[in-house]
Student: 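Would you mind keeping the following structure in view while I ask a few things?
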Amino acid sequence: MASARPAARLAGDLLRLAHRRPTPLVDTSPQQLPTTTVSNSCRSFTIRTFFAPTTPNPPKPPKHDAPRGSPDRQARTPPRQARAAPTGLAVGAGVAVLASYLYNRDRERDSKSKTKVKLNSNRTDRDKDPDKEPPPPPSPKLQPNETTSDLRAPLSLPRYRLSEIRSQHSSTSNTPWVTYADKVYDITSWVDAHPGGDVILRAAGGPIEPYWDIFTIHKTSPYVRDILEQYCIGYIHVDDLDPVTKRPKMDKVEDPFEKDPKRDERLVTHTAKPRNAETPSDLVGADFKTDEGVFYVRHHMWVPVVDDADDAPEQKHVLSVELPDGETRGYTLKELKERFRRHKVTATLQCSGNRRNDMTRHAGKTNGLQWGVGAISNADWEGVLLRDVLKDAGLKVADPSTATAVPVQPSATPSSSTSDDGDDDIPSQKDLHVQFSALEAYGASIPLSKALDPTGDVLLAFGMNGRALPRDHGFPLRAIVPGHVAARSVKWLNKIVVSDEESPSQWQRRDYKSFGPNEGANPDWERAKSIQEMPVTSAITGVWVGSDCLKGKGKGENKHKETTVDLAGVDGLNVGCSKTVTTTASTPSSSPSPSEIKPTKIPITMQGYAYSGGGRAIARVDVSLDNGRTWDQAELIDDCSNPATPCYGNKTWTWKRWKYSSHLPPPESVLPSSASSSSTSSSSSLPTYPSSGGENSEQKKDENCTTLIVKAIDEAYNTQPESHAGIYNVRGNLATAWHRVRICPECVAACPDGEGKGEKGVKWVTGKVIGCGFEKEVEEARERKEGKGKGEK
């Protein structure tokens, strides 16, 4: 033999050894080897010049740090592997090319060899004959570039046939895949962390686009695509793509939202599928108890279809209650209504993202639905106490006093013992949680101590405002957890589990939490506490100025009514008009000087709501008409003392409506609006003021604007933070800073109601907000800086 170890055999040895090396790859050589960085639309990785394992199977996605899923899901989910697969795939392909090249070169040089290479030689043959040449490495199942027309980079990524994806990676597979555009994604480890739970498996084995067309929130959330790209494993084979669209054919899928209930047209809709809509600002707090038609709607999926014919739900809907020892008891809706005493609780439900848009405008971009001030509503709820049902099911917990009891010293006399055998096995309620599960896969939990609190008033509710629960609000059964974030009041309830851990659902472990302003887009979800009791908050829902206020109209001209969800976020919303009085007569062709106009004090009325969680009553509402320079107190409306709107519950679980009336100081000067300045004879008599340019005019106009502020204090003297800067979190939860509404005056020919013809007027509108809703608001920072500078002079 010319060579003891031909180069081809050396390459084959290294390739075989690579199969036995662990992943991810670790370069253990003392010498730094050259590297090559490869970037592609799926991911970026680095190729180092050492050998790696190759495999015909697709690379595994990364292990996600989400909570574990249901037991059946865990049983059929294979162990996750760290993502080193793209590197291994690329390096493996490189080894294959190198081995093939060396093999052919040595074969041509070895003229003595007449033996045809066996493609299926095994390790035993090599052990018997060390000098025997190895076979070339096997080809992968699917070559990355089987056709010359497929030049999608990187060429090292596998190409998969749709038939294989459908047959081997559908919803029944242990390794579900989906496709998007022309790419393939292994979502095995994402299913348990998916906000919609196993719903994503509906798309397994095929394209995900038809489902995103239905669940439109996936298209409006920019981070959804970023998450999906983490699981990219290859491309769809070019032969399965439409030559024009470069995408696979899309089949029509069933729309699970087709049977959703019809909604009130007055609701302000953020997403249609699933429906997420808030009460319009002019109806928030218009009544103490919110009508079910305009009660805000927060859904993560479709509304389950429950047969409501005759008494079907009474007999068919079963609530399962599982105790810590695994014992399970079932209750039909009829049993719950007949066996347990009924209770009523008047409680406010508020989404953790209420006023999120306010945080976005004033602090920075946030992820989530951009709620205004209307993701909050109040109602009477009727049902049975959760603690009564848990007791009937056989739940036993240690007496709470044992947590503070001083251990008793052992005594010689048995009669001195104060505990019975087996008491140590009874769990403490402070260590347990009540997990709620819904018909549509949603899940959440609360501490067991809240459920068992005699004054906690946690209900299993089947009634709302004197009627059966509407479908949008949990028919036929839901949990009501007063004083807590509404995310814990699970709708369409069908299962309760008392466990030593929180609910494993995405909504408990990786949502509805808050973080520090510095924690960015990838916070430590496990470290953060789940939101339970809500902090104190308040909002302005109505402003009326001038004649609108005097006449008690309750509302002004509102051309933005259908889209207004927060007065603070609307530019140019008419909130009223006030008349001006002149001291000297002027001809139609002349214009009065600024000194001739003497506007009187301008009446203003505001209204809104305040709320604090944990059953804490609102003690005071402070109002400012000049951006916090001076303060006054609003009048708190005592709705619970009104016989028409009685309140039920052991604590204050409801919002507190408030109202405030006062006067704005007259503006020093008022500039004509753009519409008035372009008018004819009537506008010629409007006051005009000399200015050196448009910039000064705008500055003058800004000086007459004022910012209205409201903040609330609860009975524990908790109060709202002054700004969103200190409580900013990228999730946009708990946006509870002072609520600000900016209003500005504009001169008009006459007030809109037509009164006082010939008299000029000042129209008041909500002021311009800097940014488009996703840019940082700098106006308040500038005002604070200017105010500080004035104070130093």
Student: Can a salt bridge be assigned to the pair Lys273 and Asp213 using a cut-off of 4.0 Å between side-chain N and carboxylate O?
Tutor: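 Salt bridge flag = no for Asp213 with Lys273.
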Student: Measure from the side-chain N and O atoms of Tyr512 to the backbone N and O of Ala486, and report whether any donor-acceptor pair falls under 3.5 Å.
Tutor: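 No; judged by distance alone, with no hydrogens or angles, the pair does not exist.
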Student: Does Arg247 make a cation-pi contact with Tyr180 (under 6.0 Å, within 45 degrees of the axis)?
Tutor: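 Yes, Arg247 lies over the aromatic ring of Tyr180.
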Student: Inspect the contact between Arg616 and Glu533 and indicate whether a charged nitrogen and a carboxylate oxygen are less than 4.0 angstrom apart.
Tutor: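 Judged by the 4.0 Å cut-off on N to carboxylate O distance, Glu533 and Arg616 do form a salt bridge.
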Student: Can you find a heavy atom in the side chain of Thr736 that is under 4.5 Å from one in the side chain of Tyr611?
Tutor: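 No, side chains not in contact.
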Student: Quick one: CG on Leu452 to NZ on Lys450, what's the gap to the nearest 0.5 Å?
Tutor: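 Between atom CG of Leu452 and atom NZ of Lys450 there are 11.5 Å.
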Student: Under 3.5 Å, is there a donor-acceptor pair linking the side chains of Thr366 and Thr360?
Tutor: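 Side chains of Thr366 and Thr360: pair found under 3.5 Å.
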Student: With Lys651, which residues qualify under salt bridge (Lys or Arg N to Asp or Glu O under 4.0 Å), at least two apart?
Tutor: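 With sequence neighbours excluded, Lys651 shows a salt bridge (Lys or Arg N to Asp or Glu O under 4.0 Å) to no residue whatsoever.
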Student: Considering only heavy atoms from C-beta outward, does the side chain of Trp177 approach that of Ile187 to under 4.5 Å?
Tutor: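 No - every pair of side-chain heavy atoms lies 4.5 Å or more apart.
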Student: Where is the tightest heavy-atom contact between Ser723 and Ala737, given as atom of each residue plus distance?
Tutor: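 Answer, listing the atom of Ser723 first, then Ala737: C-CB, 3.4 Å.
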Student: State, to 0.1 Å, how close Ser281 and Val373 come at their nearest heavy-atom pair, and which atoms those are.
Tutor: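 Minimum heavy-atom contact is CB-CG2, 4.4 Å.
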Student: Is any side-chain N of the basic residue among Glu292 and Arg471 closer than 4.0 Å to the acidic one's carboxylate O?
Tutor: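 Result for this pair is no, no salt bridge flagged.
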Student: Would you say the side-chain atoms of Thr269 pair up with the backbone N or O of Ala272, donor to acceptor, closer than 3.5 Å?
Tutor: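 Checked: no pair found.
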Student: Would Thr328 and Leu323 count as a side chain to side chain contact (heavy atoms under 4.5 Å, CB included) if you check the C-alpha gap in whole Å, the side-chain angles of each, and the deciding distance to 0.1 Å?
Tutor: CA-CA 6 Å; Thr328 302; Leu323 303 181; over 6 Å; no
Student: Can you confirm whether Asp524 is buried at CG, in the sense that more than 12 heavy atoms of other residues, nucleotides or ligands lie under 6.0 Å from that atom?
Tutor: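 It does: Asp524 CG has more than 12 such atoms within range.
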Student: Centre of Trp302's six-membered ring, under 6.0 Å away, within 45 degrees of the axis: is that where NZ or CZ of Arg275 sits?
Tutor: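 Here Arg275 fails the 6.0 Å and 45° test against Trp302.
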Student: If we only count heavy atoms from C-beta on, is the Val730 to Phe515 side-chain gap below 4.5 Å?
Tutor: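 Not touching, per the 4.5 Å side-chain cut-off.
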Student: Are Arg202 and Glu254 ion-paired here, with the side-chain N under 4.0 Å from a carboxylate O?
Tutor: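 Looking at Arg202 and Glu254, the cut-off is not met.
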Student: Looking at every non-hydrogen atom in both residues, tell me the closest pair between Pro207 and Thr179 and how far apart they are.
Tutor: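 Closest approach of Pro207 to Thr179: CA-OG1, 3.0 Å.
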Student: Ser173 vs Gln168, test: side-chain hydrogen bond (donor to acceptor under 3.5 Å, both in side chains). Steps then yes/no.
Tutor: CA-CA 7 Å; Ser173 169; Gln168 300 180 26; over 6 Å; no
Student: So does Arg731 pair up with Asp511, basic N to acidic O under 4.0 Å?
Tutor: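 A salt bridge links Arg731 with Asp511.
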Student: Could you measure the distance from the CE atom of Met301 to the CZ atom of Phe257? Nearest 0.5 Å is fine.
Tutor: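 It is 8.5 Å, given to the nearest 0.5 Å.
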Student: Atom CG in Leu493, atom CG in Leu333: separation rounded to 0.5 Å?
Tutor: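 If we round to the nearest 0.5 Å, Leu493:CG and Leu333:CG are 11.0 Å apart.
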Student: When you measure from the side chain of Glu440 to the backbone of Pro304, do you find a donor-acceptor pair of N or O atoms at a distance under 3.5 Å?
Tutor: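 A pair under 3.5 Å: no.
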Student: Got a second to check how far Asn494's CG is from Ser437's OG, nearest 0.5 Å?
Tutor: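 Result: 6.5 Å between the selected atoms.
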Student: Going by distance alone, is a donor N or O of one side chain under 3.5 Å from an acceptor N or O of the other, for Tyr296 and Asn276?
Tutor: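 The answer is no; no qualifying pair exists.
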Student: Identify the two heavy atoms, one from Ser449 and one from Gln429, that lie closest to each other, and give their separation to 0.1 Å.
Tutor: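 So the minimum-distance heavy-atom pair works out to CA-OE1, 3.3 Å.
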Student: Do the non-hydrogen side-chain atoms of Val253 and Ile214 ever get within less than 4.5 Å of each other?
Tutor: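 A side-chain contact under 4.5 Å exists here.
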Student: Do Asp472 and Arg263 sit within salt-bridge range, that is, some charged N less than 4.0 Å from a carboxylate O?
Tutor: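 Salt bridge flag = yes for Arg263 with Asp472.
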Student: Measure the spacing between NE2 of His724 and CG of Leu734 and express it to the nearest 0.5 Å.
Tutor: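 CG of Leu734 is found 10.0 Å from NE2 of His724.
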Student: Under the salt bridge (Lys or Arg N to Asp or Glu O under 4.0 Å) rule, collect the residues that match up with Lys259, sequence neighbours excluded.
Tutor: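 Scan of Lys259 (salt bridge (Lys or Arg N to Asp or Glu O under 4.0 Å), adjacent residues dropped) gives none.
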Student: Is the closest side-chain donor-acceptor distance between Glu502 and Ser530 under 3.5 Å?
Tutor: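 Yes, Ser530 and Glu502 have a side-chain donor paired with an acceptor closer than 3.5 Å.
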Student: Assess the side chains of Asp380 and Thr346: does a donor N or O sit below 3.5 Å from an acceptor N or O?
Tutor: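 Side chains of Asp380 and Thr346: pair found under 3.5 Å.
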Student: Check step by step if ring-ring contact (aromatic ring centres under 6.0 Å, His included) holds for Phe475 and Phe462.
Tutor: CA-CA 7 Å; Phe475 177 83; Phe462 39 74; over 10 Å; no
Student: Is the shortest distance from a Lys or Arg side-chain nitrogen in Arg355 or Glu278 to a carboxylate oxygen in the other one below 4.0 Å?
Tutor: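 No, this pair does not count.
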Student: So, Thr290 side chain and Phe295 main chain: donor-acceptor pair closer than 3.5 Å or not?
Tutor: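 Side chain of Thr290 to backbone of Phe295: no pair is present.
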Student: Are any side-chain N or O atoms of Arg509 and backbone N or O atoms of Trp525, one a donor and one an acceptor, separated by less than 3.5 Å?
Tutor: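 No: the side chain of Arg509 does not pair with the backbone of Trp525.
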Student: Do Arg356 and Asp566 meet the salt-bridge criterion of a basic N to acidic O distance under 4.0 Å?
Tutor: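 Between Arg356 and Asp566 there is no salt bridge, as every charged N stays at least 4.0 Å from the carboxylate O atoms.
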Student: Step by step, would you call Arg527 with Glu519 a salt bridge (charged side-chain N to carboxylate O under 4.0 Å, His left out)?
Tutor: CA-CA 12 Å; Arg527 181 185 59 80; Glu519 294 191 69; 2.6 Å; yes
Student: Flag the pair Pro158 / Tyr235 as yes when at least one side-chain heavy-atom distance between them is below 4.5 Å, and no otherwise.
Tutor: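 SC-SC contact between Pro158 and Tyr235 ruled out.
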Student: Are Trp492 and Tyr442 close enough that their ring centres sit under 6.0 Å apart?
Tutor: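 Between Trp492 and Tyr442, the centre distance exceeds or equals 6.0 Å.
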Student: Report yes if the side chains of Val384 and Leu459 come closer than 4.5 Å at any heavy-atom pair, otherwise no.
Tutor: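 The answer is no; the side chains never approach within 4.5 Å.
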Student: When rounded to the nearest 0.5 angstrom, what distance separates CG in Asp431 from CD in Glu501?
Tutor: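 Separation between the atoms: 13.0 Å.
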Student: Consider only side-chain N and O atoms of Ser352 and Asn733, and report whether a donor and an acceptor are under 3.5 Å apart.
Tutor: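 Yes, Asn733 and Ser352 have a side-chain donor paired with an acceptor closer than 3.5 Å.
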Student: Would you say Leu349 and Ser489 make side-chain contact, with heavy atoms under 4.5 Å?
Tutor: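 Yes - at least one pair of side-chain heavy atoms lies under 4.5 Å apart.
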Student: Do NZ/NE/NH1/NH2 and the carboxylate oxygens of Arg329 and Glu322 come within less than 4.0 Å?
Tutor: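 Looking at Arg329 and Glu322, the cut-off is not met.
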Student: Heavy atoms only: give me the nearest Asp186-Thr188 pair and the separation to one decimal.
Tutor: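 Looks like OD1-OG1, 2.5 Å.
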Student: Of all the heavy-atom pairs spanning Asn729 and Lys513, show the shortest one and how long it is.
Tutor: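 Minimum heavy-atom separation between Asn729 and Lys513: OD1-O, 4.4 Å.
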Student: Indicate whether the side chain of Asp457 and that of Trp653 have a donor and an acceptor atom separated by less than 3.5 Å.
Tutor: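 Their side chains do contain a donor-acceptor pair, which is all the 3.5 Å distance test asks for.
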Student: Hey, are Ser499 and His433 close enough side-chain-wise for a donor-acceptor pair under 3.5 Å?
Tutor: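 His433 vs Ser499: no donor-acceptor pair found between side chains.
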Student: Name the orientation class of the two ring planes belonging to Tyr231 and Trp190 (parallel below 30°, tilted from 30 to 60°, perpendicular beyond 60°).
Tutor: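 Geometry flag for Trp190 against Tyr231: tilted rings.
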Student: Side-chain contact test, heavy atoms from C-beta onward, threshold under 4.5 Å: evaluate it for Asp453 versus Val458 and give yes or no.
Tutor: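 SC-SC contact between Asp453 and Val458 ruled out.
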